[in-house]
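Let me begin by presenting the structure, written as structure tokens, before commenting on it.
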Amino acid sequence: MLGVSRRVRDLAFAAGLFGCACLIRLGAGDDDHAPTKNRAQAHVRLMSVSPKLVDSYIYAEHRDETGCREWLDACLRLKVNEIGKLFGLSQTQKDKLELAGKGDVDRFVRRVDELKGKWQPRRVPQAQFNAMARESWPLQQLLGHGLFESGSLFQKTLLTTLRPDQAAHYERNDRERREYRNEAYVELVVVQLDAILGLSDGQRLRLLQLLLDRTRALRGSDQFGPRVVLAQMSRLPDDTFLSLFDPGQWRQLKLKLATARSTVATFKQLGIVFDDDLKTGDKP
Amino acid sequence: MSRLIVLRGSLVAIIFAATGVWVCARQVTAAAPGTAPQAGAPSQATTAAGPQAADKTATAYAQTAEQARILRRFEAEAITNLRPVLQVEVAFMQRICGPSAEQLRQLKGDRKKQLQKIAEELRGGQFDFDDPWSKLRPVARRFVQRKVATWVHAHLSPAQAHRYESEIERREAKIRDVCAKNFVAAIDRDLLLSAEQREKLGAELARKWDSEWTMGVVNGLMQRPRVFPKLPDELVLPYLDASQQARWASLPKQDRASWGIQQDAFLGMWPELDDKD
């Protein structure tokens, strides 16, 4: 009798322990499942889209089309006056340039409007939202880079308006400006890396020289300046840097370069062409 | 019958015990290291230094309990955020000065105490309870450098100390140059400066560069290329012609870009920490 009673007690204790374990598991299970639930929710998360959102993405600080047009018109006037002064252009030539520039602005606004047409107010899944947002990147980049740069109606008109010697002068100025800007970006990358690597003055100088020699302003890279410099740097062979850094610095730098390498695909999507992607004979 | 009652009683007791165990386990997990500290709660670093010690230093400045809480929170944030800064600076100092093993032992000291002291000194006597970090954020790294410089002077030879200080000066000068140059390159898109204007304006700005403008260039311009740090007109205008001056006046500007303590200290980069240190 006593044996049976003990067995029942043992059985009850075992059942209690099992219940206890189940209860703990249940409690923990709530937390364990929470991220899965959240992930699932995030998966089907709906995002609102509207033409106003396109305005905020592309026109950003200019708020809307009107604000952006005002700013672009001011840019255009300044550019035309500057070039007019530099090359002694007549009013007719300046008007022609201004008209071409306005054509670039109209063309840009039309592209934004087309995009807005796709962003009619509704709610879409996160993945679709991301894909739609990616479509706005080239336009953001174009605005940041400048509408009147190479490939624009303005630039084409300018080159046909100027005499060959004037065009050469203009292109020289433009090249100097781009070189100055690229040098500024390269130097910025060097001081940023210095901030985490703790470079000596000599190391800084050697790294700067290396980057000036081995990287350059890429087509369409302006808006992403230093990040494109880092992306170019990440494509250089490791042994380029080994003699420059001590092991601790190299460990840090390698991690940064790995991150930078992962941005290359995005930059390519945005139309930035890296030197080593060019076939022999291609023009950058 | 009585057995059944005993059995039921045991089961109920076990279930209660199990619930208790579960609740305790959850609380322990919530308070475990590695979980994110609650906003306003003192960090582990502060607790490690001793809550009473923190209270004592905090109340030396604070007039109210709320102010004491702000001070404690500031110190906790300073310790957490300045740790990687100190780590990078100490590694830099080692690279530059090449201290002997004995010198290094003296220099390294107790990192926790060093950070606590840096945090206390950083807040100083002029503490802004409404926005403690706004003025200190741009100078936090330089503050840590100065602290390391005092250790270098105390424990290393004059030649080593000189080498360290001159490297720091050159690094600071380079940051000023580069920021000025990037600012000029950014406004050049809109103002179409001549090569001479770029050179002169760049040199002037590098001479008078204020660290408060740095992140506006380093992070601000890179994220919003058409919003410029608000530099004083009197520094920029003398180098522009009339039409450029009018254009400069119309450009969108941001008074002071606000970034994190480490964003400022590492110029938008992020070092990988050596947890052994």
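- Taken to the nearest 0.5 Å, the CD atom of B:Glu199 stands 8.5 Å off from the OH atom of A:Tyr180.
- More than 12 heavy atoms of other residues, nucleotides or ligands lie within 6.0 Å of NZ in A:Lys94, so this atom counts as buried by the packing criterion.
- Counting non-hydrogen atoms of other residues, nucleotides and ligands closer than 6.0 Å to CZ of A:Arg63 gives a total of 12 or fewer.
- The distance from the OH atom of A:Tyr185 to the NZ atom of B:Lys181 is 12.5 Å, given to the nearest 0.5 Å.
- Considering every non-hydrogen atom in both A:Ala195 and B:Val88, the closest pair reads O-CG1, 3.6 Å.
- Residue contact with chain A, scored on non-hydrogen atoms closer than 4.5 Å, is absent for B:Ala246.
- Taken to the nearest 0.5 Å, the CG atom of B:Asp188 stands 12.0 Å off from the CZ atom of A:Arg178.
- Contact annotation for B:Ala195: only side-chain heavy atoms (C-beta onward) come within less than 4.5 Å of a heavy atom of chain A.
- When all heavy atoms are compared, the tightest approach of B:Val178 to A:Ala184 is CG1-O, 4.4 Å.
- Between atom CZ of residue A:Arg204 and atom CD of residue B:Glu167 there is a gap of 6.5 Å, rounded to the nearest 0.5 Å.
- With chain B as partner, the option from A:Asn173, A:Leu199, A:Leu86 having the largest number of non-hydrogen pairs under 4.5 angstrom is A:Leu199.
- Taking the side chain as every heavy atom from C-beta outward, B:Gln94 and A:Asp246 never approach each other to under 4.5 Å.
- Neither the backbone nor the side chain of B:Asp177 comes within contact range of chain A, judged by heavy atoms closer than 4.5 Å.
- Distance check: A:Leu78 CG to B:Arg247 CZ gives 6.5 Å after rounding to the nearest 0.5 Å.
- Contacts between A:Leu230 and chain B at a heavy-atom distance below 4.5 Å involve the side chain alone, from C-beta outward.
- Taking a 6.0 Å sphere around NZ of B:Lys208, one finds it holds 12 or fewer heavy atoms contributed by other residues, nucleotides or ligands.
- In plain terms, the two heavy atoms of A:Cys75 and B:Asp190 that are nearest each other are SG-OD1, 3.6 Å.
- Around atom CD of B:Glu196, no more than 12 heavy atoms belonging to other residues, nucleotides or ligands sit under 6.0 Å away.
- Of the listed residues B:Ile175, B:Asp241, B:Ile96, B:Asn182, the one with more heavy-atom pairs under 4.5 angstrom with chain A than any other is B:Asn182.
- Contact of A:Lys79 with chain B is made through backbone and side chain together, with heavy-atom distances under 4.5 Å.
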**Report entry** Test log, rule side-chain contact (heavy atoms from CB on, under 4.5 Å), inputs A:Arg177 and B:Leu192
**Finding:** CA-CA 9 Å; A:Arg177 179 165 289 122; B:Leu192 298 174; 3.7 Å; yes
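- Residue contact with chain B, scored on non-hydrogen atoms closer than 4.5 Å, involves the side chain of A:Leu208 exclusively.
- Separating the OG1 atom in A:Thr259 from the CE atom in B:Met269 is a distance of 9.5 Å, to the nearest 0.5 Å.
- With a 4.5 angstrom heavy-atom cutoff, A:Glu82 touches chain B only via side-chain atoms.
- Both the backbone and the side chain of A:Leu188 come within less than 4.5 Å of a heavy atom in chain B.
- Taking a 6.0 Å sphere around NE2 of A:His169, one finds it holds more than 12 heavy atoms contributed by other residues, nucleotides or ligands.
- For A:Glu179, no part sits under 4.5 Å from any heavy atom of chain B, backbone or side chain.
- The minimum heavy-atom distance between B:Pro271 and A:Gln252, with the atom names listed, is CA-OE1, 3.5 Å.
- The candidate from B:Gln244, B:Lys174, B:Arg95 with the greatest count of non-hydrogen atom pairs under 4.5 Å with chain A is B:Arg95.
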